[in-house]
Amino acid sequence: MQVVLEYADILTAVVGVIALAWIADLMTGRRGLFAALLVASTGAVCGWFLAVRVFGASTMDEFRWVFWSGGGAIIAQVAYYLFRSKR
């Protein structure tokens with residue numbers, strides 16, 4: 001049980017990214033869950049990198065990086081569906 005609590009922030013971030021990708025996929029007419037997951041996870045990694053490595057706004061011991069990660073996933077999803085090619 002201690003191990004699960006130790007990694008609760010990482011688990012929360014992963015579940016949040018999956019949920020954001022699934023919701024984005026549902027809202028856009030189910031174009032492909034794999035693409036949505038790929039874009040959301042890339043945005044989440046970018047959000048984490050900005051929070052922890054670039055701006056120093058958070059550390060891995062805090063919970064704030066999860067919000068940065070979610071924000072990165074949301075921004076990446078919006079950009080993907082806004083600028084993707086519509087044939």
Side-chain angles (χ1 to χ4, degrees):
M1 186 65 174
Q2 181 65 19
V3 173
V4 174
L5 292 177
E6 184 177 341
Y7 298 109
D9 52 351
I10 297 172
L11 185 64
T12 303
V14 169
V15 170
V17 166
I18 291 171
L20 286 171
W22 182 63
I23 290 168
D25 187 46
L26 287 176
M27 288 177 59
T28 58
R30 301 188 64 82
R31 301 227 180 250
L33 184 59
F34 178 75
L37 279 170
L38 183 64
V39 170
S41 60
T42 303
V45 169
C46 291
W48 168 83
F49 186 78
L50 284 174
V52 175
R53 303 295 289 169
V54 175
F55 297 130
S58 179
T59 63
M60 288 297 290
D61 294 335
E62 300 172 356
F63 205 75
R64 285 187 294 186
W65 71 267
V66 175
F67 299 115
W68 280 77
S69 181
I74 291 171
I75 290 171
Q77 288 285 349
V78 168
Y80 172 70
Y81 288 115
L82 188 64
F83 297 116
R84 69 181 168 86
S85 170
K86 297 178 185 174
R87 297 182 194 200

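Computed from a predicted model, the values in this text were never measured in an experiment.
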V14 and its side-chain contact (heavy atoms from CB on, under 4.5 Å) partner, picked from V17, T12, I18: I18
Kindly write out the residues that satisfy side-chain contact (heavy atoms from CB on, under 4.5 Å) with L33, not counting sequence neighbours, or none if the list is empty. W22, D25, L37
Throw together a table of side-chain donor-acceptor distances under 3.5 angstrom for residues 71-80, partners on residues two or more places apart or in other chains.
residue : atom : partner : partner atom : Å
Q77     : NE2  : A36     : O            : 2.6

If you count heavy atoms of other groups shown closer than 6.0 angstrom to CE of M60, is the number above 12? yes
Distance-only donor-acceptor hits, side chain of residues 44-59, under 3.5 Å, sequence neighbours excluded:
residue : atom : partner : partner atom : Å
S58     : OG   : E62     : OE1          : 3.4
S58     : OG   : W65     : N            : 3.3
T59     : OG1  : D61     : N            : 3.4

